[in-house]
Amino acid sequence: MSTKITEKVWSSEIEKRILDDWEKDNVFVNNDNFKENENYYIIDTPPPYPSGKPWHIGAAAHYSQIDMIARVARSNGFNVVFPIGIDRNGIPVEIYTEKKYKIRMRNMDRKEFLKLCEHTLDETEKEFIEILKSLGISANFKDTYHTDSTEYRTLTQSTFIEMWKKGLIYLGDRPSNYCIDCGTTIADSEITYLDKETKLVYIKFFLKDSTEFIIIATTRPELLFACQAIIVNPEDKRYRDKQGKNLKIPIFDREVKIINHKSVDPNFGSGAVMVCSYGDLNDVQLFRELHLEEIKSINPNGKTTKHAKQFSNLSLKEARNKIIEELQDQGLIEKIEIFSHRTPICERSKTPIEIISLEDYYLKQVDFKSELFEYSEKIKFYPEMHRQILLNWLNSISIDWPISRRRYYGTEIPIWYCKKCKYPNIPEPGRYYRPWEEEPPFDKCQNCNNDEFEGEERIFDTWMDSSISPLYITKFNKNDNFYKKTYPTTIRPQGKDIIRTWLYYTMLRCLYITEQLPWKNAWIMGYGVDDKGEKMSKSKGNVIDPLPIIKKYGADTFRLWSASEANLGYDFRCSEQKIINSQKFLSKLWNIGRFISNFELIDEANKPQKLNSTDKWILAELDNLSKKCNEGYNELNFFIPSNSIREFTWNIFAAHYIELIKPRVYNESKDEERKSALYTIHKCFKSILLLLEPICPFITYELWTKIYLDKKIINQKMFPKINNDFQEMALLTQRIIQFNSEIWNRKKETISNITNKPLSLKDPIKITIPNELELFSSDLIAMHNII
RNA sequence: GGAUGGAUAGUCUAGUGGUUAAGAUACCUGUCUCACACACAGGUGAUCGAGAGUUCAAAUCUCUCUCCAUCCA
């Protein structure tokens, strides 16, 4: 009798060897050729963005769980397509590259800059893929796609052209969010908010031809010259007699009217507010509503326009300081207060957003809102509660999606403008176009027959690329057969923080192109938060790097922790203590395996005729475990199986069952009873391994192959069958645990008169076995040495 | 201001009407008992955020309030 497992402890070193095995055997290369009637399962994996280090522990947990989805689907007999892509377009890499090389994008040759970005991406991507692989992600790494590849960008452009032809794209000149640092228009979804301290300046505005003045409180004195109205609350008694009168704008010598508007809060500042183009979104609305004429105040380079007169061509900060200075000199400032105010900032560069009017391309979405609501109802959400995030977002959409960006590292907008008539000429879809450096693919303007063109220099918002991932992975426009079998895809797994972007935009884009939803299910995971329960962010400095943790504890420990930490959809706390707990369970499992591997395998083929009652009892509990796991796996909630497996394996199977049958398996004289125990213990252990495989693929693989010497490895097997044979036996579980505990307690309380210490567990004891446990009496007597 | 989720032993979580509220961890006390000291056995510890209501019965349902987290104004 000897163990088949030589290593005394489970360690991450063993995982590395297993990874090599898998790589050699090509275990997870996706199968492109679906057979007739085969069930398939397509995962629209989020393409991670390699935007520098460190990576986020929540993201590593996220990908671990997506892998569990894939493994569960395989265990349920599906042919799984699990692609992996890397999202590489957009502003983050540009900003990261600028910092890394200490350069400015706009002071550089475009081509040179693109090369540097690519280099940066290649570097970070490499490390990234290594982490994913070391986590045991069973995706198709041989075929990793990149959103900045020629092939991907071709698809981005051709789907754009298709939408253009459907009349869904238009050029709009209207106020939009603009990031001065990034030098581009950005979408609402790219804005976050930050509480910032700012000056609230109280300025005197004199009434026309009068020495009477009113006080205007503003946080944007630099926009004084773009003021087109003063608004007050109609209920406000202070201004009741002034309504409709004209006020003189200080310094700039222009007149504006005092207008009633109920949006004004009489308690804020002085109760009188200046309306400028544009201090904030509210101003935009007021300009529209009151039919005010826009005064352009800020240039795309972030400097004041000519309308600022002597203050023109200044940065906003300079303009603000100089205007305040001038107002002070003229004695027009009553006071200045400091107050904290929620400021919209650019998600990427953290610069405050300005609202300026620029020409940009828009994709229609407002007209389509009611249909989008209808389609949203057809997606199954895991968990259901997160559907609301999408619905809230849909509700709040008020303008179309600006899709053009004045940046470099992204997919080019494929348009050439006629030099003579400015008509936008669109090429035929099918290849990748770079209008800023390429000759146009046509000789004459489609509008005026002129033969000179100017290429578009702008690129797309990155969500234009990532929002077609379901089309790309199903080989849309490339392999019709494959596409027909795989689209719509089965599931979109993603974080709840990008519902209003990735999930929403994917829905929109794919509906425009295919008139079908891109997936049937959306699986939404919560954030990884710190040990206080607060969201991790770089600015807070509480981001945990997953790499050292994975290295220290191993992938399976990390995965088990991730699965058992929180219910699906809820945020999960990251604490090292919890990770250590998972490691302890794997160690327990390893040792159970070492024990079991001492004994010969009795399987279905040589199953004993008669099973002992104790064996029937644990098989009943095993069935219950399988059911519980199935429930959890069906809901794609790995919290349920991970915790039930732990509970069963440690607190029932190891603590009570194994102790009960030890005497039998060591006693070779009673062959039938021994065989019954060995059959059962192997059956239980095999089931535990099968059930745990999606969560901990490494240790289950190792134990399976070592103990069962099975050619067909565990990750190609199905979940255990549920037999429902001895269900009523499971009712006795609590009684068994209670009785064992009673005896252990009794022994502990009894002081031996030989050693003067409590009785040891193998010392004999006199006790009556209760009637309902009579079934197990022979095992109980042997286990406790009952006399 | 609006939305979503949460408030259960020192800490983290499970528990959607019914006997002594479950588990993990921490803590205390024993034990190297032939798979495991990364273990085993035992123990201390919660009037389930506050208040009111429904009910024979509430951590669980309803209402009000307080606090926390996240998102949107």
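We use all heavy atoms of the structure for the numbers below, so side chains are in, but hydrogens, waters and symmetry mates are not. Chain letters run A, B, ... following the sequence lines, proteins first, then strands; residues in each count from 1.
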Output the single nucleotide from [options] whose closest atom is nearest the side chain of [X].
X        : options                : value
A:Asn651 : B:rG23, B:rU13, B:rA69 : B:rG23
A:Glu534 : B:rG42, B:rA69, B:rA35 : B:rA69
A:Tyr666 : B:rU13, B:rC71, B:rA35 : B:rA35
A:Arg594 : B:rA3, B:rA69, B:rC36  : B:rC36
A:Lys748 : B:rC71, B:rG30, B:rA35 : B:rG30
A:Asn591 : B:rU25, B:rC36, B:rU13 : B:rC36
A:Met385 : B:rA41, B:rC12, B:rG5  : B:rG5
A:Val9   : B:rU25, B:rC38, B:rG5  : B:rC38

So does A:Asp571 pair up with A:Lys496, basic N to acidic O under 4.0 Å? yes
Are the charged groups of A:Arg220 and A:Asp283 less than 4.0 angstrom apart, N to O? no
With a non-hydrogen cut-off below 4.0 angstrom, is [X] in contact with a base, only sugar-phosphate, or nothing?
X        : answer
A:Ala654 : base
A:Ser575 : nothing
A:Glu742 : nothing

Less than 6.0 angstrom from the centroid, inside 45 degrees of the normal: does A:Lys662 satisfy that with respect to the ring of A:Phe595? yes
Please say whether the positively charged group of A:Arg594, taken as NZ for Lys or CZ for Arg, lies over the ring of A:Trp10, i.e. under 6.0 angstrom from the six-membered ring centre and within 45 degrees of the axis. no
When the [atom1] atoms of [M] and [N] are compared, how many Å lie between them, rounded to an integer?
N      : M      : atom1 : value
B:rU8  : B:rC68 : P     : 14 Å
B:rG49 : B:rA7  : P     : 7 Å
B:rA59 : B:rG6  : C1'   : 14 Å
B:rU62 : B:rG43 : C1'   : 41 Å
B:rC72 : B:rU11 : P     : 31 Å
B:rA39 : B:rA21 : P     : 28 Å
B:rA35 : B:rA41 : P     : 15 Å
B:rG17 : B:rU60 : C1'   : 7 Å

N/O (side chain, [X]) to phosphate O (OP1/OP2, [N]) under 4.0 Å:
X        : N      : answer
A:Asn567 : B:rA14 : yes
A:Trp650 : B:rC40 : yes
A:Lys662 : B:rU33 : no
A:Lys588 : B:rC40 : yes
A:Ser396 : B:rA73 : no

Pairs meeting criterion salt bridge (Lys or Arg N to Asp or Glu O under 4.0 Å) with involvement of residues 619-645 of chain A, two or more places apart: none
Distance check needed: [N] [atom2] versus [X] [atom1], whole Å only.
X        : N      : atom1 : atom2 : result
A:Gln577 : B:rC38 : CD    : P     : 14 Å
A:Leu390 : B:rC71 : CG    : P     : 17 Å
A:Tyr570 : B:rU8  : OH    : P     : 14 Å
A:Gln738 : B:rA41 : CD    : C1'   : 17 Å
A:Ile580 : B:rA26 : CD1   : P     : 9 Å
A:Arg646 : B:rU25 : CZ    : C1'   : 10 Å
A:Asn745 : B:rG43 : CG    : P     : 5 Å
A:Asn637 : B:rU13 : CG    : C1'   : 13 Å

Identify, between A:Phe585 and A:Asn581, the residue whose nearest nucleotide on RNA chain B lies closer to the 5' end. A:Asn581
More 5' along RNA chain B: A:Asn740 or A:Arg573, using each one's nearest nucleotide? A:Arg573
Say whether A:Thr506 and A:Arg492, considering side chains only, have a donor N or O and an acceptor N or O under 3.5 Å apart. yes
If you measure only the distance, is there a donor-acceptor pair under 3.5 Å linking the side chains of A:Asn643 and A:Glu647? no
Nearest 0.5 Å, what's the [atom1]-[atom2] distance between [X] and [Y]?
X        : Y        : atom1 : atom2 : value
A:Glu702 : A:Ile707 : CD    : CD1   : 9.5 Å
A:Thr614 : A:Glu673 : OG1   : CD    : 9.5 Å
A:Leu622 : A:Phe685 : CG    : CZ    : 12.5 Å

Treat a base pair as Watson-Crick or G-U wobble with both distances under 3.5 Å, then lay out RNA chain B in dot-bracket form, 5' to 3', with | for cross-strand pairs. (((((((..((((....[...)))).(((((.......))))).....(((((..]....)))))))))))).
